[in-house]
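Taking it in order: structure first as C-alpha cells, then the write-up.
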Amino acid sequence: MGRAEERRARQRGGRRAAPPTRSSGTPSEGIAPGEGIAPGGRAAARKAAARGKKGAKKGKSGIRRLFTWKKILGTFLGFCLLGIGAFIVMYMMIAVPKGNADAQKQSNIYEYSDGSVMARVGDKNREIVDLSEVPKPVQRTFVAAENKTFYTDSGVDLKGTARGLLNTLSGKGKQGGSTITQQYVKNYYLDQDQTVTRKLKELVISLKVDRTTSKDKILAGYINTSYYGRGSYGIQAAAQDYYRVDAKKLSVAQGAYLAALLQAPSQYDWAVASDTGKKLVTARWNYVLDNMVEQGWLTKTERDAMKFPVPKPPKAAPGLEGQKGYLVKLANQQLEKQLVKTQGITQDEAEARVENSGWTITLNIDKKKQAQLEKSVKTQLMSKLDPKKRSVDKNVQAGAVSVDPKTGKIVALYGGQDYTKHFISNANRTDYQPASTFKPVILAAALEDASETQGGKAIGANTIYDGTSKRQVVDSNGDKVGFAPENEDDHNYGKQVTVQTAMNQSINSVFAQMGVDVGMDKVLETATKLGMDTGKLRPLPAYTLGTMGASPIQMAAVYATLDNHGKQVTPTIIKSAEQGGTETRMPDPIGEQVITRKAADTVTSVLTGVVADGTAKKSVAENPARDGRKVAGKTGTSDDNLSAWFNGFTPDLVTSVALFGEDAKTGAQTKMYKTAGLPRVNGGGFPAEIWAAYTFGVAAENSKFDLDTDQGAAVQPTWTPSPTASRSSETPSSTPTTEKPSETPSETPSETPSETPSETPSQSPPTGEQSTPVEITTSPENPFDPNADQ
C-alpha cells in the first residue's frame with residue numbers, strides 16, 4: 001500500500017491500516033532511521049499517539065463543554081420562559097384598582113412653632129373637563145410632547161420601562177420613556193414611588209387599561225390628572241392659572257406650553273424660571289410644535305406664525321395672604337429638597353408629593369417675633385412711602401430673615417408686602433447684589449488662611465491698607481489687575497487706614513486689594529462654607545464689592561455662622577413634617593466647623609465697630625431702644641442704588657434685612673433714588689432702622705459676645721495709624737486712637753438730586769458704603785451682571 005493509501009486509511013479511523021512497507025522509520029514518525037518495527041507496530045504507535053492527543057484535548061476543553069452555545073441558549077430560553085411565566089402570573093393576579101388620585105389629595109396643615117394653626121391649604125385646584133371641551137389641536141400638543149405613537153401603541157414602552165427598572169435597581173432615580181398610558185396609570189391608579197414593584201404594576205395595569213379603555217378616555221385622564229405646577233392639577237386649572245382662560249379657549253401655542261410644562265413644572269414656570277429654565281422650556285415648546293408638523297397635525301405655515309405665549313403671573317391661593325404664603329412656600333421648598341435627597345425622586349415629583357397631600361408641617365416661626373418683624377417693616381418703611389406722591393415708592397420691596405444662630409431655626413421672615421400681590425419671596429430671591437455686606441467674608445477668608453499683605457504682614461484688624469479711591473489693585477508681582485474701585489462719593493481715606501476703619505467706613509479700595517491678597521478663589525471658597533451659593537462664579541476681583549447675587553436667607557446663614565463661632569448654620573423653617581403618621585426627618589441645621597472659632601470671632605469683633613463707630617452708628621448704636629445690647633453688623637448699598645442691606649446680630653439673634661428696587665409692572669430692577677423723599681436708600685438707613693426696631697423688640701437683654709480673639713473693636717478702640725508710617729500694608733507700632741478720617745466727602749453721586757428735600761429725613765447717607773461701577777480692563781465680560789455667564 002502506498003503512502004497516499006495509508007493516509008486515507010488513517011483518516012478513515014485506521015480500520016484499513018496496511019502493514020509497513022519498509023523496515024526503517026522516518027524522523028517525522030518519531031522512529032529513528034534504521035530501527036526495525038515489528039509487523040503492526042506502526043499502527044499501534046499511531047493509535048497510542050491518537051489516544052494521547054485526544055486525552056490532552058479533553059483536558060483543555062472541559063470548561064468549553066460546560067459552556068457550550070447549546071447550553072447557553074438553553075439557559076437563556078429557560079429564563080425567558082420563566083420570565084414569561086412570572087409575567088403571566090402577575091398579569092392574572094394584578095387587577096386594575098380604583099382610581100385614587102382624588103383620595104390622595106388632602107389638606108396640608110401648617111403650624112407655628114407653638115403648635116397653633118397658621119394655615120390650612122387643601123382645596124384641590126382641579127376641575128375635571130371632558131375631552132370634548134379641549135380643542136383637538138390642543139389635545140395633540142400633549143401627544144406630540146410625550147408620546148407620538150400614542151394612538152397606535154399598546155400602551156407601554158418596554159424599552160423605557162426596562163431602563164427605568166434598571167435605574168431604580170441601581171439607585172439612579174427617575175428615567176423617562178413612559179407612554180401617556182403609563183403616566184396616566186401612575187397618576188390615577190398608583191403613586192410616585194420609585195420602586196420595582198410599582199413599576200411592574202404600572203406595566204401590567206397599563207396593558208390592561210389600553211385593552212379596555214379608549215385612547216380618548218386615556219388622554220382625557222392624563223391631561224386631567226397631571227400636575228402643572230402652581231398647585232394646579234389638570235388642564236382646566238392650568239389654563240386658568242397660566243392664561244386666565246378655560247381649557248376650551250386655549251390656543252395651540254398655549255397648549256404646547258402647558259404640554260411642555262409637564263416635563264418640569266417647577267423649573268419651566270415662566271414666572272419663577274431662571275434664564276436657563278426659560279431657554280429649556282422655549283426649546284421644549286418648539287419641540288412640541290415641530291413634532292406636530294411632523295405628524296401632520298399642524299402646517300409649516302401655521303407653525304412658523306406662532307409666537308411663544310408668555311404666561312400670566314401666578315395667583316396666590318386663598319388663605320395665604322400677607323406673610324403666610326411666603327412661609328408656606330419656603331416650608332414646601334425645604335421639604336421638597338429633602339424628599340429629593342432622601343428618596344431619589346425628581347424635584348417635580350417631590351413638588352407633586354407635597355402639594356395637598358395631607359402633611360402636617362410645624363414651622364420654627366415664633367409668633368411674637370414674626371409679628372414684631374412685620375410691624376417693624378410697616379412702621380420704619382411702609383408708613384413713609386407714598387406711591388401717589390412719588391412713583392419710585394411703589395417700586396421698593398423689602399425682605400428679611402431672622403435666625404437663631406444656636407439652632408439654625410428661622411424664627412421670623414418677611415417676604416414682601418403681600419403674597420397674594422407679590423408672588424416672589426424677597427427673603428429667598430438671589431437676583432440682587434449683597435454689596436458691602438460681603439466684605440466680612442473677605443476678612444474671614446484672610447484670617448482663616450492666615451493671609452498676608454504684599455508687604456508680608458499678616459492680615460488682621462490692625463493691618464494697614466491704602467484707602468485711596470480708584471486705587472489700582474495689584475497682584476503679588478506688583479502688576480495692575482485692571483480693577484480700580486471707587487469709594488462712595490469718590491472719597492479718599494488716605495494711604496494709611498486700618499482694616500477696622502475700612503470695615504467701619506466700608507472702604508471699597510481696601511477690600512478690593514485684600515481680596516486679591518487673599519486670593520479670590522479662597523474668598524469664594526470661604527463664602528460657600530459660610531452659606532452662600534457661589535455656583536460657577538469665577539474668582540474675579542470685582543466680586544470683592546459683593547456684585548454677585550445673594551438672598552437674605554443666604555446672608556443670614558453667613559452671619560449666623562460667624563455668630564456661632566464658625567460652626568455652619570443652615571437656616572431652616574421646618575421644625576417637623578409628618579404625613580400619615582410618618583415623620584420625615586429633616587437635616588440638622590447646625591453643621592461642622594467650617595472656619596476656626598478665632599477667625600469667626602475676630603470678624604464679629606470687627607463688625608461691632610461698624611455699629612459703634614461706622615455706617616450703622618446712628619440707626620443702631622444710638623437707637624434709644626438698644627438698652628445696652630451688644631451688636632455686630634454690616635451695611636451695604638449696591639451700585640446704582642438697586643439694593644440696600646443691613647445684616648446684623650446680637651449673641652442670640654441674627655437678622656438680614658434688604659430693600660430691593662423692583663419695577664411694579666415689569667419686575668425689572670430699578671434704582672431707589674428719592675425713595676421717601678431721600679437722596680438715596682443706604683444700608684444704614686431703612687434696612688438698619690427696620691433691623692433695630694425688630695431686634696431691640698425681641699432679642700434677649702444683657703447678652704454678651706463670648707469672643708476668642710484679641711483683635712477688633714470689641715476688644716480695643718477703633719483707631720487710625722500714626723501718619724509717620726512709611727508704607728501701606730504694614731502693622732503700625734503707634735498707640736491706637738479713636739479719631740475718624742477728618743476729610744468729609746465734598747461730592748455726592750451724580751444721580752443724587754441737588755435739592756434737599758423739604759422734610760428732614762431721619763437718615764443721612766453714611767460715608768463709604770456704596771459699591772460704585774468700575775471698568776474691568778482685563779476681561780470682556782461684565783462681572784457686575786449676576787446673569788452673565790460665570
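Keep in mind that the numbers below use all heavy atoms, side chains included, and drop hydrogens, waters and symmetry copies.
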Do the side chains of [Y] and [X] get nearer than 4.5 Å, heavy atoms only?
X: V411; Y: I365; result: no
X: M586; Y: L335; result: yes
X: N682; Y: T635; result: no
X: H422; Y: Y326; result: yes
X: N508; Y: E488; result: no
X: Y112; Y: D366; result: no
X: E111; Y: T360; result: yes
X: T430; Y: Q554; result: yes

Nearest 0.5 Å please: distance from the [atom1] atom of [X] over to the [atom2] atom of [Y].
X: K378; Y: S383; atom1: NZ; atom2: OG; result: 9.0 Å
X: K324; Y: L363; atom1: NZ; atom2: CG; result: 12.0 Å
X: M118; Y: I109; atom1: CE; atom2: CD1; result: 11.5 Å
X: L443; Y: I459; atom1: CG; atom2: CD1; result: 8.5 Å
X: N108; Y: E355; atom1: CG; atom2: CD; result: 7.5 Å
X: D639; Y: L545; atom1: CG; atom2: CG; result: 9.0 Å

Could you check whether [X] pairs with [Y] (Lys NZ or Arg NE/NH1/NH2 to Asp/Glu carboxylate O, under 4.0 Å)?
X: E592; Y: K567; result: no
X: R429; Y: D431; result: yes
X: R597; Y: D601; result: yes
X: E351; Y: R230; result: no
X: K406; Y: D652; result: no

Please confirm whether F660 and W645 have ring centers closer than 6.0 angstrom.
->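 Under 6.0 Å, so yes.
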Sub-6.0 Å ring centroid separation between F646 and Y559 |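 Centroid distance F646-Y559: not below 6.0 Å, so no.
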May I ask you to decide if the ring planes of Y419 and F423 are parallel, tilted or perpendicular, using 30° and 60° as cut-offs?
->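 Y419 vs F423 ring planes: tilted.
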Donor-acceptor pair, side chain of [X] and main chain of [Y], under 3.5 angstrom:
X: N623; Y: S619; value: yes
X: S376; Y: Q372; value: yes
X: T604; Y: A600; value: yes
X: K575; Y: T362; value: no
X: N564; Y: G566; value: no
X: Q370; Y: L413; value: yes
X: N641; Y: K671; value: no
X: D404; Y: G408; value: no
X: D663; Y: K665; value: yes
X: T695; Y: A692; value: no

Give the intermediate values and the outcome of side-chain hydrogen bond (donor to acceptor under 3.5 Å, both in side chains) for residues T608 and S605.
-> CA-CA 5 Å; T608 62; S605 178; 4.8 Å; no
Any side-chain donor-acceptor pair under 3.5 Å between [X] and [Y]?
X: T534; Y: T528; answer: yes
X: S402; Y: Y694; answer: yes
X: N332; Y: E336; answer: no
X: T596; Y: E448; answer: yes
X: T572; Y: Q334; answer: yes
X: S656; Y: N647; answer: yes

Evaluate the criterion side chain to side chain contact (heavy atoms under 4.5 Å, CB included) for residue pair L530 and I595; output intermediate values, then yes/no.
-> CA-CA 8 Å; L530 292 175; I595 63 172; 4.0 Å; yes
Residue pair D418, Q323: steps toward the side-chain hydrogen bond (donor to acceptor under 3.5 Å, both in side chains) verdict | CA-CA 6 Å; D418 192 328; Q323 299 305 303; over 6 Å; no
Stepwise, does the side-chain hydrogen bond (donor to acceptor under 3.5 Å, both in side chains) test hold for K634 with S436?
-> CA-CA 8 Å; K634 184 70 186 77; S436 292; 4.6 Å; no
Among E662, Q397, Q417, which one satisfies side chain to side chain donor-acceptor pair (under 3.5 Å) with N426?
->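 Single side chain to side chain donor-acceptor pair (under 3.5 Å) partner of N426 among E662, Q397, Q417: Q397.
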Looking at D710, D708, T709, which one forms a side chain to side chain donor-acceptor pair (under 3.5 Å) with T602?
->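 Of the listed residues D710, D708, T709, the side chain to side chain donor-acceptor pair (under 3.5 Å) partner of T602 is T709.
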Ignoring hydrogens, what is the shortest heavy-atom contact between [X] and [Y]? Give both atom names and the distance.
X: V620; Y: R626; answer: O-CD, 3.9 Å
X: D563; Y: P405; answer: OD2-CG, 3.5 Å
X: R390; Y: K384; answer: NH2-O, 3.4 Å
X: V499; Y: F511; answer: O-CZ, 4.4 Å
X: F705; Y: T650; answer: CE2-C, 3.7 Å
X: Q711; Y: G460; answer: OE1-CA, 3.2 Å

Yes or no on side chain to side chain contact (heavy atoms under 4.5 Å, CB included) for V523 and F438, after CA distance, side-chain angles and deciding distance?
-> CA-CA 10 Å; V523 171; F438 184 73; 3.8 Å; yes
Do K369 and L373 pass the side chain to side chain contact (heavy atoms under 4.5 Å, CB included) test, and can you show the C-alpha distance, the side-chain angles, and the key distance before you say yes or no?
-> CA-CA 6 Å; K369 290 182 173 65; L373 181 57; over 6 Å; no
Mind checking side chain to side chain contact (heavy atoms under 4.5 Å, CB included) for Q579 and listing every partner two or more places apart, or none if nothing turns up?
->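 With sequence neighbours excluded, Q579 shows a side chain to side chain contact (heavy atoms under 4.5 Å, CB included) to S357, W359, given in chain and number order.
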Under the salt bridge (charged side-chain N to carboxylate O under 4.0 Å, His left out) test, which residues partner K529, sequence neighbours left out?
->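 If we apply the salt bridge (charged side-chain N to carboxylate O under 4.0 Å, His left out) test to K529, skipping adjacent residues, the hits are E525.
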